[in-house]
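Everything below concerns the one structure shown next.
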Amino acid sequence: METVPLTSLARAGGCAAKYAAARLEGLLAGLVPADSEDLLVGLDPADDAAVYRLDDERALVFTVDFFPPVVDDPRAFGAIAATNALNDVFAMGGVPLLALSIAAFPEELPTEMLGDILAGADERVRASGAILAGGHTIRDDEPKYGLAVVGTVHPDAIWSKAGARPGDALYLTKPLGTGLVLQAQRDGRAPPGALDAAVASMVELNRAAADLLRPFSPTAVTDVTGFGLLGHAHELAFRSGVRVVIEAESLPLLPGARDLAERGVKTGGDRRNREYAESHVESTASPALELLAYDPQTAGGLLVAVPAERGAVLEATFAAEGRLLARIGAVEAGSGVVLR
């Protein structure tokens, strides 16, 4: 089989290819939100997925996510893209049920490569507890892959960005730096092992973290993806009507990510994320850590607000399972985001 570097066919990869958040806000501002008492989460305000109530016990969680290749390995690309989409359902407190592929491929790509992309996605869908049941594929010069995912959640147990309260502790369940590592890999500047660590993080479903978190009734949850930690923290702070304070030195980072940031590596998404969130962020952090906090993430972890009195037991629970849970700050009265 002829080897084709998938990333050579993409202008931007992963969640760094997201439409700019500031422009997206303007675009959606012109849409009239659907009027239905059973649409529990839609565009007003938007969240990580839509939620529609079926009855008193069940609601559907529905999301869609796709993007160009972030890595050259086809199976890893499919797994990462699938994980990124499935994680939206976990970020809402839901459980995935069914997924459909959304694919665009050049006809010149070997069919074996496309099969590997689908196989990587199918493995992650199965690991999430869902079923990959079909999809739709079109021709395109730039490869793209992702999923539309349907899950379920109890109508009274939806996790949103809007419930954080002053006094909550703030946690992150995955390290930052995927954007920088992937960019450095493209430029030939990634240190040994950095890409492998980034891929391992990006294919990790947020299923286990969500399962451990669920008994602690978090007040606000979102997943950290293309808008970067500060972009998603701004959304959480704004929707909740609070101030989010993040301790920069507490941020968990991928191996090599801080060194890359100190060397000035950044993605095109850095500028777009700053345009979106910078006016709401007060930063006294080092330039490198600030860059990492704006770095667009692909299939990132959960950003979680939990009542502080539950924090110690939550941390012990994650530690007992050998899972990362970094306490990165707190929620205060006020508005905006502080990175200090």
Side-chain angles (χ1 to χ4, degrees), residues 1-20 23-24 63-88 98-128 130-149 178-190 192 194-205 225-226 265-272 296-300:
M1 180 178 72
E2 180 186 358
T3 300
V4 179
L6 285 173
T7 55
S8 70
L9 304 175
R11 293 183 294 275
C15 288
K18 267 190 171 183
Y19 199 74
R23 298 189 68 181
L24 185 60
T63 188
V64 59
D65 212 313
F66 64 99
F67 47 61
V70 289
V71 292
D72 290 325
D73 182 274
R75 183 176 286 265
F77 169 45
I80 292 166
T83 299
N84 191 70
L86 292 158
N87 279 350
D88 281 343
L98 192 69
L100 298 175
S101 290
I102 299 170
F105 297 133
E107 287 187 305
E108 296 78 15
L109 282 183
T111 55
E112 293 90 346
M113 292 184 69
L114 309 186
D116 283 343
I117 292 171
L118 295 174
D122 182 59
E123 190 278 328
R124 291 289 82 195
V125 172
R126 291 173 184 268
S128 78
I131 300 169
L132 185 58
H136 183 66
T137 306
I138 64 169
R139 290 176 286 112
D140 194 346
D141 291 338
E142 182 181 63
K144 302 175 183 71
Y145 185 77
L147 299 176
V149 185
T178 60
L180 268 68
V181 171
L182 293 170
Q183 184 62 49
Q185 182 70 18
R186 280 175 170 246
D187 298 341
R189 293 190 283 172
L195 180 62
D196 289 343
V199 170
S201 178
M202 290 185 290
V203 301
E204 180 186 330
L205 291 161
T225 54
V265 175
K266 64 175 68 174
T267 70
D270 178 86
R271 175 182 56 80
R272 290 188 291 272
Q297 302 303 289
T298 298

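Only heavy atoms go into these numbers, but all of them, side chains included; no hydrogens, no water, no symmetry mates. Small disclaimer: the values here were computed from a predicted structure and weren't measured.
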Show the nearest heavy-atom pair for residues [X] and [Y], with the distance to one decimal.
| X | Y | result |
| --- | --- | --- |
| Ser128 | Leu205 | N-CD1, 3.6 Å |
| Pro143 | Pro106 | CG-CD, 3.9 Å |
| Asn87 | Gly300 | ND2-O, 4.0 Å |
| Val203 | Ala79 | CG1-CB, 3.9 Å |
| Ala76 | Val199 | CB-CG1, 4.3 Å |
| Gln185 | Ala190 | OE1-CB, 3.4 Å |

Fill in: Glu204 side chain reached by Thr83 side chain, heavy atoms, under 4.5 Å
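No, every pair of side-chain atoms sits at 4.5 Å or beyond.
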Atom pair [atom1] ([X]) and [atom2] ([Y]), whose distance is rounded to the nearest 0.5 Å:
| X | Y | atom1 | atom2 | value |
| --- | --- | --- | --- | --- |
| Leu114 | Phe105 | CG | CZ | 5.0 Å |
| Leu147 | Leu100 | CG | CG | 8.5 Å |
| Leu118 | Thr111 | CG | OG1 | 11.0 Å |
| Arg124 | Leu86 | CZ | CG | 9.0 Å |

For [X], check salt bridge (Lys or Arg N to Asp or Glu O under 4.0 Å) against everything at least two apart and list the hits.
| X | answer |
| --- | --- |
| Glu123 | none |
| Asp187 | Arg189 |
| Asp196 | none |

Hits for side chain to side chain donor-acceptor pair (under 3.5 Å) against Ser101, two or more places apart or cross-chain, chain-then-number order -> Tyr145
Sorted by chain and residue number, the side chain to side chain donor-acceptor pair (under 3.5 Å) partners of Thr63 (sequence neighbours excluded) come out as Asp88
| field | Donor-acceptor contact below 3.5 Å, side chain Gln297 vs main chain Thr178 | value | yes
Exactly one candidate in Leu182, Val181, Asn84 meets side chain to side chain contact (heavy atoms under 4.5 Å, CB included) with Met202; the answer is Leu182
List, one per line, each side-chain donor-acceptor pair under 3.5 Å for residues 131-140, sequence neighbours excluded.
| residue | atom | partner | partner atom | Å |
| --- | --- | --- | --- | --- |
| Asp140 | OD1 | Glu142 | N | 3.3 |
| Asp140 | OD2 | Lys144 | NZ | 2.7 |

(message) Evaluate Leu9 against Leu109 for side-chain contact (heavy atoms from CB on, under 4.5 Å), listing each step before the verdict.
(response) CA-CA 10 Å; Leu9 304 175; Leu109 282 183; 4.0 Å; yes
Check your understanding: Got a sec, which pairs hit salt bridge (Lys or Arg N to Asp or Glu O under 4.0 Å) with one end in residues 73-83, sequence neighbours left out?
Key ->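 Listed once each, the pairs would be none.
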